[in-house]
Structure formats: C-alpha cells, structure tokens
Amino acid sequence: MKKAIFLSIFLFPLLLSAQVMGNYQTQQKQYTNINYTAQYRAVPKAASFLGNNMIEISINALSNQRASSYTAIFSVMQFGKTAEETNSILDSRLTPFISQLKGLGIPDSNIYVDMVNFLPKYEFDVSKKIFSKKTYTEVPTGFELQKNVHIRYSDPGLLDKIVAAAARQEIYDIVKVDYFVSDPSVFYRQLRSEVFEYANQIKAEYKKIGLELDSAYLQTAENAWVAYPINRYESYQAFTSSKPNPLDKSSAIWNMADKPEARFYNAVPANDYDIVINPEILEPAVQFSYNLVLRFTMPERQPRTITKNQKEFIWITPEGEVKPLKIE
C-alpha cells in the first residue's frame, strides 16, 4: 500500500510537466539527439576569474514593446490573353478591395499598390513538316501580371477584417506583416538608463565586501539590437506517426501521409537578461536588447612593509641628566 501511494505522488508532476511542455518541444526531442532532461536542468555557467587584477561585469537588458503601426502585404496574380485584358481584370479585383479598405477607416495615404511583374507566358506549339520530325516552337499565349498591395494600420485587430475583404476579391496570398516602432531611440535610452543604474547598484554591493570599484581604471563596451516578430516565427509539425516494422520482409510499400506544418511566434526568451521591461507579453512584440560590459582594472597591491620595533636605551646620570645610549 505504501508503494502505491509513493508512485501516485511522484508520477503526477511528471505527467503535468509533459502536458504543459507543448508539441513543439516534443518534436524537438524526437528529431534531435540532445538530452532534453539534462538541458532543462543544466547547471548555470560558473563564474570565472580574470587575470591582471581585472573584474568584468556584463549586464543584459530587454524591452518588449508593442508596435505603433503594422504593414500587411498582399500579392495579387492575374493571367490574361492580352496585356489590356490582364490589367483590366486585375484592376476589377483591386478597385473594390481598396474601396472596402477605405470603409474600414484606412485612408489612401496608408494604401500603396506596387507593380511587381508583367510577363508574357509561352507554350510549345507542335508542327510537323513532310520528311521532317516534329518541331516544338515557343509561342506567346498570354500575360501574367503581379501587383502587391501594401496596407498600413495601427490596430492589430483590424487585420482579420482586411483579410476578409481580400478574400471577397479572391486575394488569398498575404506575403508578410511588418511591425514598426515610431521612435526606437526612446527605448534604447530607457534601456541604457536602467543598465547604468543597475551597474551603480552592483558597485555599491561590491563596496560592502571591500572592493572599491570607483578607484579602478574602467573600460566599457556596449551593443544594442532589435528582434522583430517577422524573424521570430518558427514552424513545426504536431503529429505522431508509427514506424514501419523492421521485421517485415515483404515487399510492401509504405505510403506516409502528408503532415500539416504549423507556425508560431517564438519570442526572444528572457533567460540571459538581468533587466526585463514589460516581461509579460501576450501579442508578438518588438524586442529591444542592450548589452553593457564593464571591465575594472584594480590598482596593483603594494607589498606590505614590516618595521621591526627598536629598543631605545637611556642613561640617567647621578646628576639626573638623561642621555641616550647607542647600543649596536
């Protein structure tokens, strides 16, 4: 009875961990050779000593910010027999689409139509002459026209309505969505200020243990970068598939089903950051990073000089005079 209770207590957390881990991590475990149990329970990097009386401090800061505007790009393709017909058919799809965008509150200044390709299409025409083989000749059969529609908006919830308006005109290809921040320098200044304040706190803590970093020679280096959501999407396939039996010696053909590929937003993790501004993000965010390295070179320690105590002898004469005596 005791064994049954023991197992029920310790198996439940293991099952719970597997449930919240997600399909993406499960797939990574299946398709790589790393020991994931060891990876997620790894010991953090150990501290190391620098030579030449140096102390180096590296501070990383992350700021998660919502975009101030977005630009969605839709691609529209059209085929026709003549150049005029192709352009006319494509415009008959774009005109009502743009009209519906205006109905959603998007002004003309936030809509741009980009001409991308206008190419003739060719096919092979077969002709056979007397006393000769078949001849295949390329001949023009029509035209292919591609235009891209750039749409800028500030409310991310508006994208669903934009997609619905595009679908009504048989426009289904959304190329990408770009995220923009109106003034990135504001967030970089904020990160630098937070990091400098954090560095002063570290110096104060070192002072408590007797290290006066203010008296050291200081060298600094800094770096900043940004991660946009368009570069943080990853793909995976959530499925389980049985493996062919290796003992099956028949000549059977194994036809594997096509597995759908899913994509998801994988934000820059905050594992290696000392400071995180807006740590709890729900929607894809623009992630600003800042790194500051401080290298303190401490002054050389002076050798301790030991002075020996010297005894002094004096002679008091019968007359009461005090005279020093030099004794080698």
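This chain uses plain numbering: 1 for the first residue, then up along the sequence. The figures here come from the full heavy-atom set of this structure, side chains too, leaving out hydrogens, waters and symmetry mates.
Note on I73 and Y70: separate hydrophobic clusters, where clusters join Ile, Leu, Val, Met, Phe, Trp and Tyr whose side-chain heavy atoms are under 4.5 Å apart, directly or indirectly. Each of V286 and L62 belongs to its own hydrophobic cluster when Ile, Leu, Val, Met, Phe, Trp and Tyr are linked at side-chain heavy-atom distances under 4.5 angstrom.
For the atom pair NZ of K203 and CG of L218, the computed distance is 7.0 Å after rounding to the nearest 0.5 Å.
Looking at I277 and Q65, their side chains come closer than 4.5 Å, going by heavy atoms from C-beta outward. A heavy-atom distance below 4.5 Å is not found between the side chains of R192 and L292.
For R232 (side chain) and N266 (main-chain N/O), a donor-acceptor pair under 3.5 Å exists by modelled atom type. S88 places no side-chain N or O within donor-acceptor distance of the main-chain N or O of E84, the cut-off being under 3.5 Å. For D178 (side chain) and T71 (main-chain N/O), no donor-acceptor pair under 3.5 Å exists by modelled atom type. Looking at Q78, its side chain never comes within 3.5 Å of a backbone N or O of I89 through a donor-acceptor pair. A donor-acceptor pair under 3.5 Å is formed between the side chain of S68 and the backbone N or O of S182.
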Report the C-alpha distance between Y188 and F288 in whole Å, list the side-chain angles of each, state the deciding distance to 0.1 Å, and finish with yes or no for ring pair (Phe, Tyr, Trp, His ring centres under 6.0 Å).
CA-CA 7 Å; Y188 286 126; F288 296 91; 5.2 Å; yes

Residue pair I202, I59: steps toward the side chain to side chain contact (heavy atoms under 4.5 Å, CB included) verdict:
CA-CA 10 Å; I202 293 177; I59 306 173; 4.1 Å; yes

Please assess F296 against I57 for the test side chain to side chain contact (heavy atoms under 4.5 Å, CB included), listing each intermediate value before the final yes or no.
CA-CA 8 Å; F296 299 89; I57 299 172; 3.9 Å; yes

Is there a side chain to side chain contact (heavy atoms under 4.5 Å, CB included) between L159 and I174 once you walk through the steps?
CA-CA 11 Å; L159 182 60; I174 178 169; 4.2 Å; yes

Might you work through the side chain to side chain contact (heavy atoms under 4.5 Å, CB included) test for K147 and D91, ending with a clear yes or no?
CA-CA 10 Å; K147 293 183 180 181; D91 285 344; 3.3 Å; yes

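Closest of all the heavy-atom pairs between E212 and S215 is O-OG, 2.8 Å.
For R93 and E170, the salt-bridge test fails: no basic side-chain N is under 4.0 Å from an acidic carboxylate O.
Under the 3.5 Å distance criterion, with hydrogens and angles disregarded, a donor-acceptor pair is assigned to the side chains of Y273 and S289. Side chain to side chain, N291 and N60 meet the donor-acceptor criterion of an N or O pair below 3.5 Å.
Counting heavy-atom neighbours within 6.0 Å of L282 CG, excluding the residue itself, gives a total of 12 or less. Heavy atoms of other residues, nucleotides or ligands lying less than 6.0 angstrom from CG of N53 number more than 12. Other residues, nucleotides and ligands contribute more than 12 heavy atoms inside 6.0 Å of the OH atom of Y179. By the 6.0 Å contact criterion, OH on Y233 is enclosed, its count of non-hydrogen atoms from other residues, nucleotides or ligands being greater than 12.
Every residue two or more places apart in sequence or in another chain that forms a side-chain hydrogen bond (donor to acceptor under 3.5 Å, both in side chains) with N110 is listed here: R152.
Classification of the F74-F97 ring pair by plane angle, with boundaries at 30° and 60°, yields perpendicular.
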